[in-house]
Number of protein chains: 2
Amino acid sequence: MHIKPDSLFAALAHPLRLRAMQLLASEHELCVCELTHALAVAQPTISRHLALLREAGLVQDRRQGLWIYYRLNTQLPGWAQDAIRVVAAGIADDEPYARDRAELATMPNRPGARCCA
Amino acid sequence: MHIKPDSLFAALAHPLRLRAMQLLASEHELCVCELTHALAVAQPTISRHLALLREAGLVQDRRQGLWIYYRLNTQLPGWAQDAIRVVAAGIADDEPYARDRAELATMPNRPGARCCA
DNA sequence: ACGATATATATGTTATATCGTATATATTGT
DNA sequence: ACAATATATACGATATAACATATATATCGT
């Protein structure tokens, strides 16, 4: 898995994409509707940004029934994963990232794939 | 020193700016003419990108006579410095970053401020 | 086959970033 | 004060990214 560093940074440079990455870093796997709820954006908006993250190689997706689950791409080079983790840990308690996690926790009827991951 | 993470990433998202940051991570202090030589770009080009890095808070500058020296901003939050270092170490031997360091080493008449830093 | 749900993509528009070139500013030596 | 050097900024043109909205695709249950 090869990724150009400036492409990695470009993918992380958008506020909404960074918020999505922070949620994925804390939750390991989320479907689009969960991200839509937690980030309070229109579905096509998050879908387009997730597609960009996928094409940049930052996330992987898998379909399960109607839902498509996204997670951080485990095949990224070590330095890229380390950078993402370092930043995630460093800003986790800042806004809006902490609030996004709280919003996610309030979501009713989350599709539960977490039990068998 | 506060910096928005997405602003940090936006600053690093440009190939030329990332190359400049890599050089600064390896050399600690460089003047504009050294960066111009090592990166083989026009002077206004690198100057404009350095201004952007400065305004984003990633680098500091100081004037010494005719020369203006740039270095990584030591007042960045820890997670930001860590992320920069992690990436720098991870890609240091890749191209074009390794070649940029080699080009810098070939530059004649480098203004020597390094002796008293 | 049909309707419902979840997600993805296409389209037209607008804002932002970048570029090449020209010019301005600052400092030093004479 | 003037010339020379190093660096910064301004300007106009072009490319790229983002947005809102509309529409398409995929899967499941009946």
Side-chain angles (χ1 to χ4, degrees), chain A residues 4 6-21 23-24 29-56 58-71 104 107-114, chain B residues 4 6-21 23-24 29-56 58-71 104 107-114:
Chain A
K4 276 179 37 191
D6 39 303
S7 303
L8 170 75
F9 294 129
L12 296 173
H14 192 285
L16 187 60
R17 286 196 295 268
L18 184 56
R19 290 168 68 195
M21 289 292 289
L23 282 174
L24 291 174
E29 192 171 59
L30 290 169
C31 74
V32 178
C33 62
E34 290 173 316
L35 290 163
T36 304
H37 177 95
L39 301 175
V41 291
Q43 177 269 321
T45 299
I46 191 66
S47 190
R48 190 159 22 80
H49 285 291
L50 285 171
L52 194 151
L53 289 172
R54 180 182 356 106
E55 287 155 18
L58 300 215
V59 299
Q60 299 168 300
D61 64 337
R62 78 180 172 91
R63 176 183 281 274
Q64 177 170 324
L66 285 177
W67 297 273
I68 297 187
Y69 288 93
Y70 284 86
R71 68 175 70 188
L104 177 62
M107 179 177 176
N109 300 329
R110 292 173 64 179
R114 252 145 267 71
Chain B
K4 276 179 36 191
D6 39 306
S7 303
L8 170 75
F9 294 129
L12 295 173
H14 192 285
L16 188 60
R17 286 197 295 268
L18 183 57
R19 290 167 67 195
M21 288 292 288
L23 283 172
L24 292 173
E29 193 171 57
L30 291 169
C31 74
V32 178
C33 63
E34 290 172 314
L35 289 162
T36 303
H37 176 95
L39 301 175
V41 291
Q43 176 269 322
T45 299
I46 190 67
S47 191
R48 195 155 19 80
H49 285 291
L50 286 170
L52 194 151
L53 289 173
R54 179 181 358 104
E55 288 154 18
L58 299 216
V59 300
Q60 299 168 301
D61 63 339
R62 76 179 174 93
R63 176 182 281 276
Q64 177 170 325
L66 284 177
W67 297 274
I68 297 187
Y69 289 92
Y70 284 87
R71 68 174 71 188
L104 177 61
M107 179 178 176
N109 300 329
R110 291 172 65 178
R114 251 145 267 70

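In what follows, every heavy atom counts, from backbone to side chain, and hydrogens, waters and symmetry copies are set aside. By convention in this document, chain letters (A, B, ...) are assigned in the order of the sequence lines, proteins followed by strands, and residues within each chain are numbered from 1. Not measured: the values here are computed from a predicted model.
Note that CZ of Arg48(A) is 10.0 Å distant from CD1 of Ile46(A), once rounded to the nearest 0.5 Å. Taking CG from Leu16(A) and CG from Leu53(A), the interatomic distance works out to 9.0 Å, rounded to the nearest 0.5 Å. For the atom pair CG (Leu30(A)) and CG (Leu104(A)), the distance works out to 5.5 Å, reported to the nearest 0.5 Å. In this structure, SG on Cys33(A) lies 11.0 Å from CD1 on Ile68(A), to the nearest 0.5 angstrom. With values rounded to the nearest 0.5 angstrom, Leu18(A) atom CG is found 12.0 Å from His49(A) atom NE2.
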query: How does DNA chain D look in dot-bracket notation if pairs are Watson-Crick or G-U with both distances under 3.5 Å, crossing ones as [ ], other-strand ones as |?
result: ||||||||||||||||||||||||||||||
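Spacing between atom CZ of Arg62(B) and atom P of dT7(D) amounts to 12 Å, rounded to whole angstrom units. Here the P atom of nucleotide dT9(C) and the CG atom of Leu52(A) are 12 Å apart, to the nearest Å. Separating the CG atom of Leu30(A) from the P atom of dA6(C) is a distance of 16 Å, rounded to the nearest angstrom. A straight line from CG of Leu39(B) to P of dC19(C) spans 13 Å, rounded to a whole angstrom. Atom CG in Asp6(B) sits roughly 17 Å away from atom P in dA17(D) (whole-Å rounding).
Checked against side chain to side chain donor-acceptor pair (under 3.5 Å), His14(A) has no partners two or more places apart in sequence or in another chain. With sequence neighbours excluded, no residue forms a side chain to side chain donor-acceptor pair (under 3.5 Å) with Gln43(A).
Considering only heavy atoms from C-beta on, Leu12(A) comes within 4.5 Å of Leu58(A) through its side chain. Val59(A) is listed as a side-chain neighbour of Met21(A), based on a closest heavy-atom distance under 4.5 Å. Residues Arg110(B) and Cys31(B) are not in side-chain contact: their nearest non-hydrogen atoms beyond the backbone lie 4.5 Å or more apart.
Residues from residues 8-20 of chain B lying near DNA chain D, meaning a heavy-atom separation below 4.0 Å, are absent. Across residues 42-51 of chain A, Gln43(A), Pro44(A), Ser47(A) each have a non-hydrogen atom less than 4.0 Å from an atom of DNA chain C (numbered order).
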- line: Whether each nucleotide of nucleotides 24-30 of chain D has a protein heavy atom under 4.0 Å at its base (B), only at its sugar-phosphate (S) or at neither (-) is summarised, 5' to 3', as --SBS--
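Distance alone, capped at 3.5 Å, is enough to place a donor-acceptor pair between the Arg17(A) side chain and the Ala11(A) backbone. Counting only distance, with no hydrogens or angles, the side chain of Arg63(B) and the backbone of Gly65(B) share a donor-acceptor pair below 3.5 Å.
If you check the side chains of Arg62(B) and Gln60(B), you find no donor sitting under 3.5 Å from an acceptor.
Between Tyr69(B) and dA6(D) there is no side-chain polar atom (N or O) within less than 4.0 angstrom of OP1 or OP2.
Of the two residues near DNA chain C, Trp67(A) and Glu55(A), the one whose nearest nucleotide lies more 5' is Trp67(A).
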